[in-house]
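Following: one structure in structure tokens, then a few remarks.
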Amino acid sequence: PDRQGSGDIIYGLLVGDAIQRRNFDRALALLQERMPTGVASPLELDEPDDVFLLAGMAQVMKMQDPASEQASALLDHAATLNRQSDNQKVPFTAGFRQAAIEAARGNKPGAIAGLQAAFDAGWRIDWQGALRHDWRFQPLHNEPEYKNLVAMMEQDMERQREEAYELLG
């Protein structure tokens, strides 16, 4: 059963494992299993929450074939959905989604800028999991700007801990 997003976490781990083993067909099959019931094509997905799925599918397709036109179409669709979405409820989602899209495109500076925008908009939830373990962002790990962003997140979390301890006495 899918409890509080546990299915997404498990699928993410399975996809990451398939990618690490260079079993891209398996990774794509797992991602396609997450598509809403009845959707015949990823291009039919039309919810902002589908941006991560679309970007992930495109990224795996590009791992198989860097010139994949289908992957480019998925990324264009994901970018359109992200621009059209109302991110008022959770302001950091637009930046985080943009980071996933740009990482899939191989645009490391754009992906890092998206993560920075998410951080600036208040993103803190599950930042360690996303930045350290999410397969989508693994190609960024050696980039100096990425390392700086991780250090900035760690410093901010330490500041927040100190504030909490001070408030608790």
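These numbers were taken from a predicted model, which means no experiment stands behind them.
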Counting only heavy atoms not in [X], do more than 12 fall under 6.0 Å of its [atom1]?
X      : atom1 : answer
Gln138 : CD    : yes
Glu166 : CD    : no
Glu158 : CD    : yes
Arg159 : CZ    : yes

Calculate, to the nearest 0.5 Å, the distance between atoms [atom1] and [atom2] belonging to [X] and [Y] respectively.
X      : Y      : atom1 : atom2 : result
Met153 : Arg124 : CE    : CZ    : 5.5 Å
Leu28  : Met63  : CG    : CE    : 10.0 Å
Gln84  : Glu47  : CD    : CD    : 11.0 Å
Ile19  : Leu14  : CD1   : CG    : 11.0 Å
Leu115 : Glu102 : CG    : CD    : 11.0 Å
Gln98  : Asn107 : CD    : CG    : 9.0 Å

Check: [Y] and [X] side chains under 4.5 Å, non-hydrogen atoms:
X      : Y      : result
Glu145 : Leu140 : no
Leu53  : Tyr11  : no
Asn82  : Ile101 : yes
Leu74  : Ser72  : no
Arg97  : Leu81  : no
Arg105 : Gln59  : no
Met157 : Trp127 : yes

I'd like to know whether the aromatic ring centres of Tyr146 and Phe137 sit less than 6.0 Å apart in this structure.
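They do not qualify: ring centres at least 6.0 Å apart.
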
Salt bridge Asp50-Arg34, side-chain N to carboxylate O under 4.0 Å:
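Answer for the salt bridge query: no.
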
Donor-acceptor pair between Asp65 and Gln70 side chains, under 3.5 angstrom
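The answer is no; no qualifying pair exists.
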
Val51 and Phe96: side chain to side chain contact (heavy atoms under 4.5 Å, CB included), yes or no, with the steps?
CA-CA 10 Å; Val51 168; Phe96 196 71; over 6 Å; no

Looking at residues at least two apart in the chain, or sitting in another chain, which of them share a ring pair (Phe, Tyr, Trp, His ring centres under 6.0 Å) with His133?
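For His133 there are no ring pair (Phe, Tyr, Trp, His ring centres under 6.0 Å) partners, ignoring immediate neighbours.
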
Set of ring pair (Phe, Tyr, Trp, His ring centres under 6.0 Å) partners for Phe119, sequence neighbours left out
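Phe119 satisfies ring pair (Phe, Tyr, Trp, His ring centres under 6.0 Å) with no other residue.
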
Considering non-hydrogen atoms only, spot the tightest contact between [X] and [Y] and give its length.
X      : Y      : answer
Gly95  : Ala117 : CA-CB, 4.3 Å
Ser68  : Ala71  : OG-N, 3.0 Å
Ala104 : Leu75  : CB-CD2, 3.5 Å
Ala103 : Ala111 : N-CB, 3.6 Å
Gly56  : Arg136 : CA-NE, 4.2 Å

Side chain to side chain contact (heavy atoms under 4.5 Å, CB included) assessment of Asp25 paired with Asn23
CA-CA 6 Å; Asp25 290 334; Asn23 187 346; 4.1 Å; yes

In this structure, would Tyr165 and Leu167 fall into the same cluster of hydrophobic residues linked by side-chain contacts under 4.5 Å?
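Cluster IDs for Tyr165 and Leu167 differ.
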
